[in-house]
**Student:** 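I have a structure I would like to understand better, so I am pasting it below and will then ask my questions one at a time.
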Amino acid sequence: MTQEATRTGVVALVGSREDVHIQDVARRLGAEGVDSVIVDTLTFPDETRMSLTEGLDGILVDGRAVGRPAAAYLRGLHSHPLAFMVDAEEAMAEDWRTTLTAFREKGTLLLGLIGRWEQLGVPLYNPPSADWLLHKPVQLSALKAAGLPVPRTLWTNDAEAVRRFAASGRVAYKPVMGGAATRELLPEDLTDERLAALAAAPVTFQELLPGEDLRVYVLDGEIIASLRIVTSALDFRQNEERIEQMVLPDEVARQCVKACEVLGLRWTGLDLKRGLDGELKFLELNGSPMFLGFDAAAGTDVAGHFARALVRHARR
Ligand code: ADP
Ligand code: MG
Ligand code: MG
């Protein structure tokens, strides 16, 4: 069979059936008469059955030939005990080594599956080839190298380096990976005892940006939503007071689209924050941004834009 013959016209949704973003996109595709298949990566391998043969498009999910889909939404692989929605606490407590090994096996198969789609030229939201560039210590430096404004940042486990960095003004600190609160680095954090924690894991130290928070969505090279988060807290997730739509200055809009290109993303939710000098700086681009909360709060239509992009691929 040729690869052309195995085009299925279906849109693959990779993530959990229980994930509201997967559910929302599936519903919107259904309403447009577009066939979708959920590759349920949360219930794989205990429930979802998956078989891959040596052919690039030899892909069977729950008995259905998925082959070469028209496009794929990669929401999440759920392939780590710490991943979103995964509950592996009991299994890890019982036998962490076997559990971690099983997760690694699962993850390897799923990455292989997605790698096949990339090889076949399936439009992937987002392509796995961008993954390595998303790790923040390379992401921000890639943006900077492309001439985009990023905050002064230090990723380190070196206490002396932190003390030197802290001498130059207000500093925020946060995890290297993200996903936990950002705090201001205070003088009491610079003691030997406190900095000894760096022996357990490196941390991100960053010029503290006191100004407004923006969230911008870029899809296929276009801005589809720009929001301002009005809050008094340092980390907006702790204290969202109001989220409103805004119009980006042309220069910033161009920078957002460029940032997306630099990292090889088909779509993203960008976090920007304004510095003391008034300049907007890039905090990060997310490879699988949530959008339903922002749509609900601000009246944007990221969900609609995203689903329509998938529909267009399915009708091609
Ligand atoms: P995550 O991946 O956890 O979302 P971010 O870099 O986007 O990581 O940081 C989360 C939030 O914390 C930001 O949206 C912002 O509100 C706040 N924050 C992060 N870095 C800084 C900083 N350098 N100065 C001030 N606030 C920051
Ligand atoms: Mg963020
Ligand atoms: Mg993030």
Side-chain angles (χ1 to χ4, degrees), residues 15 19 21 74-77 80 82-85 125-126 130-144 148-156 162 165-186 189 201-218 225-244 246 248 252 255-256 259-260 263 265 267-294 297-298 302:
D19 184 306
H21 288 83
L74 308 184
R75 173 74 185 113
L77 299 187
H80 192 281
L82 293 177
F84 180 57
M85 293 174 88
Y125 293 82
N126 271 307
D131 280 357
W132 68 271
L133 256 179
L134 290 188
H135 298 114
K136 287 181 183 172
V138 59
Q139 177 181 140
L140 284 196
S141 56
L143 297 178
K144 183 177 162 74
L148 296 165
V150 303
R152 214 169 58 83
T153 309
L154 174 72
W155 291 271
T156 191
V162 175
F165 190 79
S168 58
R170 290 176 74 186
V171 169
Y173 70 97
K174 57 186 176 181
V176 178
M177 165 106 176
T182 301
R183 295 210 174 81
E184 177 162 8
L185 188 73
L186 299 171
D189 292 316
V203 171
T204 310
F205 299 89
Q206 197 163 59
E207 159 193 358
L208 188 141
L209 306 171
E212 65 179 345
D213 271 287
L214 305 190
R215 165 53 71 101
V216 177
Y217 289 89
V218 177
S226 334
L227 309 132
R228 172 190 292 129
I229 296 122
V230 185
T231 175
S232 52
L234 184 56
D235 185 328
F236 72 71
R237 288 162 304 189
Q238 298 166 338
N239 189 1
E240 287 166 27
E241 275 154 27
R242 202 169 69 246
I243 302 182
E244 55 193 30
M246 64 173 298
L248 286 180
V252 178
Q255 288 176 337
C256 289
C260 207
L263 301 182
L265 299 171
W267 88 304
T268 189
L270 299 101
D271 292 328
L272 296 124
K273 204 163 180 351
R274 209 175 281 285
L276 201 53
D277 55 3
E279 193 187 16
L280 278 170
K281 299 186 180 173
F282 286 86
L283 288 179
E284 64 159 344
L285 279 71
N286 290 288
S288 178
M290 305 210 192
F291 48 88
L292 292 174
F294 286 102
V302 175

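Remember, it's a predicted structure, so these values are computed and weren't measured experimentally. Whatever order the structure lists them in is the order used to number ligands and atoms, beginning at 1.
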**Student:** Decide whether the shortest distance between a heavy atom of Arg215 and an atom of ligand 1 is less than 4.0 Å.
**Tutor:**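 For ligand 1, residue contact (heavy atoms, under 4.0 Å) with Arg215 is absent.
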**Student:** Out of Leu270, Asp271, Leu283, indicate the one that has the non-hydrogen atom closest to atom 13 (C) of ligand 1.
**Tutor:**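 Going through Leu270, Asp271, Leu283 one by one, Leu283 has the nearest heavy atom to atom 13 (C) of ligand 1.
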**Student:** Which atom name does Asp271 have for its N/O/S atom nearest to the Mg ion (ligand 2)?
**Tutor:**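 When I compare the N, O and S atoms of Asp271, OD2 is nearest to the Mg ion (ligand 2).
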**Student:** Under the criterion side chain to side chain contact (heavy atoms under 4.5 Å, CB included), I'd like the reasoning laid out for Val230 against Glu244: C-alpha separation, chi angles, the key distance, then a yes or no.
**Tutor:** CA-CA 8 Å; Val230 185; Glu244 55 193 30; 4.2 Å; yes
**Student:** Can you check whether Glu284 has an N/O within less than 3.5 Å of an N/O in ligand 1?
**Tutor:**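 For ligand 1, there is an N or O atom that lies under 3.5 Å from one belonging to Glu284.
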**Student:** Enumerate the atoms of ligand 1 whose separation from the nearest heavy atom of Leu208 is less than 4.0 angstrom.
**Tutor:**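 With Leu208 as reference, the close atoms of ligand 1 come out as 24 (N).
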**Student:** By number and element, which atoms of ligand 1 are closer than 4.0 Å to a non-hydrogen atom of Lys273?
**Tutor:**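 Taking each heavy atom of Lys273 in turn, ligand 1 has 15 (C), 25 (C), 26 (N), 27 (C) under 4.0 Å.
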**Student:** Which of the atoms of ligand 1 are close to Glu207, meaning less than 4.0 Å from one of its heavy atoms?
**Tutor:**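 Reading through ligand 1 atom by atom, the close ones are 22 (C), 23 (N), 24 (N).
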**Student:** What residues, two or more places apart in sequence or in another chain, satisfy side-chain contact (heavy atoms from CB on, under 4.5 Å) together with Met290?
**Tutor:**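 If we apply the side-chain contact (heavy atoms from CB on, under 4.5 Å) test to Met290, skipping adjacent residues, the hits are His21, Arg75, Phe84.
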**Student:** Out of Lys174, Lys136, Arg215, Lys273, which one pairs with Glu284 under the salt bridge (Lys or Arg N to Asp or Glu O under 4.0 Å) rule?
**Tutor:**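 Going through Lys174, Lys136, Arg215, Lys273 one by one, the salt bridge (Lys or Arg N to Asp or Glu O under 4.0 Å) with Glu284 is satisfied by Lys136 alone.
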**Student:** Once side-chain contact (heavy atoms from CB on, under 4.5 Å) is applied, do any residues pair with Leu154, and if so which ones, sequence neighbours excluded?
**Tutor:**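 Thr156, Ala161, Phe165, Phe205.
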**Student:** Under 4.0 Å, heavy-atom basis, I'd like to know which part of Leu209 is in contact with ligand 1: side chain, backbone, both or neither.
**Tutor:**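 The part of Leu209 near ligand 1 is both the backbone and the side chain.
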**Student:** So that I can check it, does any N, O or S atom in Glu284 come closer than 2.8 Å to the Mg ion (ligand 3)?
**Tutor:**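 Yes, since at least one N, O or S atom of Glu284 sits under 2.8 Å from the Mg ion (ligand 3).
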**Student:** Could you tell me, atom by atom, which parts of ligand 1 come under 4.0 Å of a heavy atom of Gln206?
**Tutor:**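 That gives atoms 20 (N), 21 (C), 22 (C), 23 (N) of ligand 1.
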**Student:** Are Glu207 and Lys281 close enough for a salt bridge, meaning some N to O gap below 4.0 Å?
**Tutor:**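 A salt bridge is present here (some side-chain N lies under 4.0 Å from a carboxylate O).
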**Student:** Please determine whether a side-chain nitrogen of the Lys or Arg among Arg274 and Glu279 lies less than 4.0 Å from a carboxylate oxygen of the Asp or Glu.
**Tutor:**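 A salt bridge is absent here (no side-chain N lies under 4.0 Å from a carboxylate O).
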**Student:** Would you please determine whether Gly179 falls within less than 4.0 Å of ligand 1 on a heavy-atom basis?
**Tutor:**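 Yes, that is the case, since the closest heavy atom of the residue is under 4.0 Å from the ligand.
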**Student:** Around atom CE of Met246, are there more than 12 heavy atoms from other residues, nucleotides or ligands closer than 6.0 Å?
**Tutor:**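 Correct, the count exceeds 12.
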**Student:** Assert yes or no for the condition that the ring centre distance of Trp267 to Phe291 is strictly below 6.0 Å.
**Tutor:**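 When the ring centroids of Trp267 and Phe291 are compared, they turn out to be within the sub-6.0 Å range.
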